[in-house]
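All residue numbers refer to positions in the sequence shown, counting from 1. In each ligand, atom 1 is the first atom listed, and ligand 1 is the first ligand listed.
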Amino acid sequence: MIQKPKGTYDVYGLKGKQISYIEDLLKTLMKNYNYEYFRTPVFEASELFHRGVGATTDIVTKETYDFIDRGDRNMTLRPEGTAGVVRSYIENKMYGNSPVPVKAWYFGPMYRYERPQSGRFREFYQFGVEVFGCDNPMIDAEVISIPVNIYRMLGLKGIKVNINSLGDKESRDNYREALIKHFEPEIDNFCSDCKERFRKNPLRILDCKVDHDNELMKTAPKTIDYLNEESKKHFEKVKECLESLKIDYVVNPSVVRGLDYYTHTVFEVEADIKDFGAQNVLCGGGRYNGLVEMVGGPATSGVGFALGLERLLNAIEAENIKLPIEDGVDVYVIPMSENEESYSIGLTQALRLNGFSVDMDSMQRKINNNFKQAERLNAKYVMIIGETEINSSIMTIKNNSTKEEYKVKINDLVDFFDEMLEEDDCCCGDDCCCGDDCHCDEHKEVK
Ligand code: HAM
């Protein structure tokens, strides 16, 4: 028996429905925010991630899936989405051809060779956004508002927004000096990775899982104490905008992020849910003003974030949230015998193409079993097709909950279902979108 690779998982049943619901919500939200859908390859030249994500990050040094293709090229399965979108922005010359800012969203699988555990996979899905060409701190706040609104719309209550600032290049350089001074006297007592990080990129020492409890980690200088005036101003405006967006946040100096490209604002949203587990960072992101240039494009500012789908699903489960998943079909078609099957499949297709969700018996069940199947499928209506129906062009339709029976001419079927199903659309009729009385699942989310 061949099994799935370690750190991967299959999707089916409830999880498939939840994911499909979340994908629809993300698409609608991105349309409302006016972000554009991007898709980049799952594998890219390895160099992109070395340059983009950073050659001293754990992701690149320890976790990439690398391979040499049949043309002897070094390739890597993408460990995250930002580097690929930046490459695409540069390669397609969007800095010259597109109106600024360019606002992109993406959703797809990422690959990291990590030790699997709850909320940590080797193949996982990220939804993310990237905004290019806008220095305004307002956009940092807009980007932070996206995951916060997603979590709110899904009904998650236990979330905590942590923000911090690394400042611009000058501030980061000053901070780097301070870190070197801080760790230098004791660096020999740190792990070999940290010694290497000390030489190449001392900021990465702060993510070390081995020396995590060393006293010097706790007393390390804080980035916000090294911000120059310009960077302080940027950060203040981000906070001001978050307040206007009614987003509660905590300034948390320990958020420095595990990727090299950040400048100014960085943020993470944590699941503040009891017993949620170690992988409680639901999403993370920030500004990366030097990245486009580092990857080979013109100096262009950038800001973005990505959230992990699996951790989001875990949080939904931990908070016992039932997503308003539309389950069931509008119509279940029952051919009375094999003779009516080809007619039935034609009619089923016609209804489907008119916008109804329709299923049909393809197992030649007995009539009683077919009614049981209609229950299982949660069908609103059942349409029985026998010889009489075909000869008269008048269909027999049953409302599956009231058991009321209707005779409807074939040419009136679409109007009939339109009318009957419209009534079912919303439990509170015309007032649903604006009135406070609406309790239907769909509109509860909007409020
Ligand atoms: P990241 O913090 O490495 O940032 O990943 C973002 C999110 O992806 C995490 O918060 C987590 O939810 C999820 N994630 C990461 N690794 C795993 C894993 N092994 N299994 C399951 N979920 C995981 C980035 O990737 C940046 N590209 C975010 C960004 C976009 N910054 C600016 N723009």
Side-chain angles (χ1 to χ4, degrees), residues 5-9 22 35 38 40 44 48-49 52-54 57-60 62-65 77-89 102-132 134 139-140 142-144 146-148 150-151 156 159-164 166 204 207 255-271 276-292 294-295 301-316:
K6 195 171 165 185
T8 66
Y9 63 97
I22 292 169
Y35 279 54
F38 268 50
T40 61
E44 298 265 6
L48 173 66
F49 302 110
V53 178
T57 58
D58 273 5
I59 296 174
V60 167
K62 299 185 182 152
E63 296 168 5
T64 49
Y65 277 89
L77 294 186
R78 63 181 180 195
E80 56 100 56
T82 310
V85 174
V86 167
R87 196 245 338 111
S88 167
Y89 172 82
V102 170
K103 295 178 170 187
W105 72 271
Y106 53 89
F107 181 65
M110 309 290 159
Y111 299 86
R112 295 185 193 176
Y113 195 84
E114 295 198 78
R115 199 164 46 80
Q117 61 185 78
S118 166
R120 196 206 272 162
F121 293 88
R122 290 184 174 170
E123 180 186 69
F124 59 98
Y125 276 68
Q126 276 188 348
F127 162 80
V129 309
E130 313 295 348
V131 180
F132 298 104
C134 182
I139 288 290
D140 305 29
E142 175 173 296
V143 165
I144 297 173
I146 293 174
V148 171
I150 292 168
Y151 300 140
L156 279 184
I159 59 161
K160 183 175 159 204
V161 182
N162 292 302
I163 63 169
N164 190 20
L166 306 179
R204 290 276 71 83
D207 314 319
V255 174
V256 292
R257 309 277 300 129
L259 301 93
D260 273 354
Y261 46 60
Y262 293 109
T263 55
H264 289 286
T265 320
V266 283
F267 76 98
E268 286 179 350
V269 180
E270 263 179 64
F276 186 72
Q279 303 305 314
N280 66 344
V281 179
L282 295 179
C283 75
R287 192 164 264 284
Y288 46 81
N289 285 352
L291 182 60
V292 175
M294 236 146 66
V295 175
S301 55
V303 52
F305 91 97
L307 67 78
L309 176 72
E310 297 72 15
R311 293 185 195 179
L312 172 60
L313 290 170
N314 282 357
I316 286 172

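Of the listed options Gln126, Glu130, Arg115, Glu270, Gln126 places a heavy atom closest to atom 24 (C) of ligand 1. Of all the listed residues (Tyr288, Phe267, Tyr262), Tyr262 holds the heavy atom that lies closest to atom 29 (C) of ligand 1.
Close contacts of ligand 1 with Cys283, meaning ligand atoms under 4.0 Å from a residue heavy atom, involve 10 (O). Interface of Phe305 with ligand 1, defined as ligand atoms under 4.0 Å from a residue heavy atom, comprises 29 (C), 30 (C), 32 (C), 33 (N). Close contacts between ligand 1 and Arg112 involve ligand atoms 1 (P), 3 (O), 5 (O), 15 (C), 16 (N), 25 (O) [criterion: under 4.0 Å to a heavy atom]. Counting the atoms of ligand 1 from 1 in the order shown, those under 4.0 Å from a heavy atom of Gly284 are 10 (O), 28 (C), 29 (C). Near Phe121, the atoms of ligand 1 lying under 4.0 angstrom from a non-hydrogen atom of the residue are 18 (C), 19 (N), 20 (N), 21 (C). Less than 4.0 angstrom separates some heavy atom of Leu259 from each of these atoms of ligand 1: 3 (O), 4 (O).
Side-chain atoms of Tyr35 and Ile146, non-hydrogen and from C-beta on, do get closer than 4.5 Å to each other. Counting only heavy atoms from C-beta outward, the side chains of Tyr262 and Val256 never approach each other to under 4.5 Å. Residues Thr57 and Asp207 form no side-chain contact, since every pair of their non-hydrogen atoms from C-beta on lies 4.5 Å or further apart. Residues Asn289 and His264 have side chains in contact (heavy-atom distance under 4.5 Å, counting atoms from C-beta outward). For the pair Phe267/Val143, a side-chain contact is recorded, criterion being any heavy-atom separation below 4.5 Å from C-beta on. Two residues are said to be in side-chain contact when any heavy atoms from C-beta on lie closer than 4.5 Å; Val129 and Lys103 fail this criterion.
Each of Tyr261, Phe305, Tyr89 was compared with Tyr288 under the ring pair (Phe, Tyr, Trp, His ring centres under 6.0 Å) criterion, and only Tyr261 meets it.
By the 3.5 Å distance cut-off applied to N or O atoms, Leu282 is counted among the residues near ligand 1. Polar contact check, Gly308 against ligand 1: a nitrogen or oxygen pair lies under 3.5 Å apart. Residue contacts with ligand 1: Arg120 is placed with no nitrogen or oxygen under 3.5 Å of a nitrogen or oxygen of the ligand (distance criterion only). Close N/O approach between Leu307 and ligand 1 is not found [any backbone or side-chain N/O within under 3.5 Å]. Residue Glu310 has no N or O atom closer than 3.5 Å to an N or O atom of ligand 1. The shortest N or O to N or O distance between Tyr106 and ligand 1 is not under 3.5 Å.
A heavy-atom separation below 4.0 Å is not found between Arg122 and ligand 1. Heavy atoms of Gly119 approach ligand 1 to within less than 4.0 angstrom.
Contacts between Gln279 and ligand 1, counted as non-hydrogen atom pairs separated by less than 4.0 Å, are absent for every part of the residue. At a heavy-atom distance under 4.0 Å, atoms from both the backbone and the side chain of Ala306 approach ligand 1. Contacts between Glu268 and ligand 1 below 4.0 angstrom, taking non-hydrogen atoms only, are absent altogether. Contact annotation for Arg257 and ligand 1: only side-chain heavy atoms (C-beta onward) come within less than 4.0 Å of the ligand.
One finds no salt bridge joining Arg112 and Glu80 here, because no Lys/Arg side-chain nitrogen approaches an Asp/Glu carboxylate oxygen to under 4.0 Å. The pair Asp260-Arg204 counts as a salt bridge, with a side-chain nitrogen and a carboxylate oxygen less than 4.0 angstrom apart.
For atom 22 (N) of ligand 1, the closest non-hydrogen atom on the protein side is Phe124 CD1, 3.5 Å.
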Next on the checklist: Apply side chain to side chain contact (heavy atoms under 4.5 Å, CB included) to residues Arg122 and Tyr113 and explain how you reach the verdict.
Outcome noted: CA-CA 5 Å; Arg122 290 184 174 170; Tyr113 195 84; 3.4 Å; yes
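Residue Thr40 comes nearest to Arg78 through the heavy atom pair O-NH1, 3.2 Å, listed as atom of the first residue, atom of the second, then distance.
Side-chain atoms of Glu130 and Thr82 include a donor-acceptor pair closer than 3.5 Å.
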